[in-house]
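In this chain, numbering begins with 1 at the start of the sequence shown.
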Amino acid sequence: MKVSRDMAPALTHFLAGATLVLFAAGPLALRGYLTRRHLWLVVLGGLWGLFPDVHYVTPVFQSELTAMHDSRWADLFAFHYTLDQPPFDTRELLSIAASVVTFVCAVAVFTAATAVGDRDSRGRPPRYGLLARTLVFGYAAGIAGLLGALVVGGTLVWTGRLELVAELVGRESTAAGWLVLIGGCVVASAGFASGVSVLNRRWYVLRPGPSLVLGVWYGLGVWLVVVAFAVPIWMRVVLDLSRPVPYLHVFGLVVLGGFGAVVGFAFPLVWRFIGPPVAGLRS
């Protein structure tokens, strides 16, 4: 099937906006605040993602809107500017497929959150206990990972090292660097959250203080495994670049220690903030 070059980006932008809004609304749905308002979230999110393209149809302010569309300010609308850059704009079918898959995932997560939040007068049905825990865990780990990625990414941008992250996957753009960094930080945050959740069954460590200390140690462990050994081996085998093993990168040690501190401090706070007020959910 042939896809129009004009239609593909519009569909991608619409689904990107709808996906982000659904994911962002998940914690509210967990608490039962969004009953019977689901479809409007998709519409409003999609229009938000499409807004920078309004310069194509508006009879007024065309020059101003075009300038905004072509600037990084457009990223305030569901990363509109980034999605208009390579490789997204040069691989339309792939970008559409990815946006559809992520949208379906967002719908599934939001539907599950709504099921937890839609409680009757007798309280939340017991069968949603595991589902609620899973959703709160996922959101807490994801948000903590994003906060850690912002801290690490900001430090790398400030020191001019973000492009080095993109080079690990054979790219050179800032957008690729952010994608690799965010993905890695969210995965690392999920690993930390899993470990803390296991430890919390025996010791009460799901608190900002103990979790922060564990987070720092976890960040140092990530540095030892990833930076000192995995990265130089990857660069030597995949990219044919020589690096010593172990690669004792002091700057990376400091950055990942800070990442661990942010994730360790944020995870229990986000867990308690977004979790439904149900006995046993926050233990």
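- When hydrophobic clusters are built by joining Ile, Leu, Val, Met, Phe, Trp and Tyr residues whose side-chain heavy atoms come closer than 4.5 Å, directly or via intermediates, Val226 is grouped together with Phe229.
- Asn200 approaches Val205 most closely through the heavy-atom pair OD1-N, 3.1 Å.
- Side-chain contact between Leu256 and Val227: present, with at least one pair of heavy atoms (C-beta onward) separated by less than 4.5 Å.
- Remark: side-chain polar atoms of Ser189 are not paired, donor with acceptor, to backbone N or O of Cys185 under 3.5 angstrom.
- Ring geometry for Trp271 versus Phe137: interplanar angle over 60°, hence perpendicular rather than tilted (30 to 60°).
- Two residues are said to be in side-chain contact when any heavy atoms from C-beta on lie closer than 4.5 Å; Thr19 and Phe23 meet this criterion.
- The main-chain N or O of Ser99 is found under 3.5 Å from a side-chain atom of Thr102 such that the two form a donor-acceptor pair.
- Closest heavy-atom contact between Ser211 and Pro268: OG-CD, 3.6 Å.
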Given the rule in the side-chain contact (heavy atoms from CB on, under 4.5 Å) test, do Phe259 and Val222 qualify, once you have shown the distances and angles that lead to the verdict? CA-CA 10 Å; Phe259 165 78; Val222 170; 5.6 Å; no
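- Of all non-hydrogen atoms in Leu146 and Ile182, the two that sit nearest each other are CD2-CG2, 3.6 Å.
- No chain of hydrophobic side-chain contacts below 4.5 Å, direct or via other Ile, Leu, Val, Met, Phe, Trp or Tyr residues, connects Val187 to Val225.
- Val43 has its side chain out of reach of Phe14: every pair of non-hydrogen atoms, C-beta onward, lies at least 4.5 Å apart.
- Nearest heavy-atom pair, Phe267 versus Ala140, reported as atom, atom and distance to 0.1 Å: CE1-CB, 3.5 Å.
- The CG atom of Leu199 sits 14.5 Å away from atom OH of Tyr204, with the distance rounded to the nearest 0.5 Å.
- If you take CD1 on Ile96 and CG on Leu11, they are separated by 5.5 Å, rounding to the nearest 0.5 Å.
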Mind running side-chain contact (heavy atoms from CB on, under 4.5 Å) on Phe251 and Leu156 for me, showing each step along the way? CA-CA 10 Å; Phe251 177 79; Leu156 294 178; 3.8 Å; yes
Please step through side-chain contact (heavy atoms from CB on, under 4.5 Å) for the pair Val21 and Trp48, ending with a clear verdict. CA-CA 9 Å; Val21 168; Trp48 168 58; 4.0 Å; yes
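- Nearest heavy-atom pair across Ala266 and Ala144 is CB-CB, 4.2 Å.
- Linking Ile, Leu, Val, Met, Phe, Trp and Tyr whenever their side-chain heavy atoms come within less than 4.5 Å puts Leu220 and Phe192 in one cluster.
- A 4.5 Å side-chain heavy-atom check between Val245 and Ile233 finds at least one atom pair inside the cut-off.
- By the rule that hydrophobic residues join a cluster once side-chain heavy atoms approach within less than 4.5 Å of another member, Trp158 and Val151 end up as members of separate clusters.
- Taken to the nearest 0.5 Å, the CG atom of Asp75 stands 7.5 Å off from the CG atom of Leu83.
- Panel note: side chain His80, backbone Gly49; a donor-acceptor pair is recorded below 3.5 Å.
- Note that the CD1 atom of Ile274 and the CG atom of Leu269 stand 11.5 Å from one another [nearest 0.5 Å].
- Looking at Tyr218 and Val263, their side chains never come closer than 4.5 Å, going by heavy atoms from C-beta outward.
- The shortest distance between side-chain heavy atoms of Tyr139 and Val109 falls below 4.5 Å.
- Using a distance-only test at 3.5 Å, with no hydrogens or angles considered, a donor-acceptor pair links the side chain of Ser194 to the main chain of Ala190.
- Using a 4.5 Å heavy-atom cutoff, the side chains of Leu50 and Phe77 are not in contact.
- Taking each heavy atom of Arg272 and Leu206 in turn, the nearest pair found is NH2-O, 3.0 Å.
- Hydrophobic clustering (ILVMFWY, side-chain heavy atoms < 4.5 Å, transitive): Phe79 and Leu94 are in distinct clusters.
- No hydrogens or angles considered: a donor-acceptor pair under 3.5 Å links the side chains of His69 and Asp53.
- Taking 4.5 Å as the limit, every side-chain heavy atom of Met68 sits out of range of all side-chain heavy atoms of Tyr81.
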How far apart are the C-alpha atoms of Asp84 and His13, what are their side-chain angles, what is the distance that settles it, and do they pass the side-chain contact (heavy atoms from CB on, under 4.5 Å) test? CA-CA 9 Å; Asp84 278 344; His13 291 310; 2.9 Å; yes
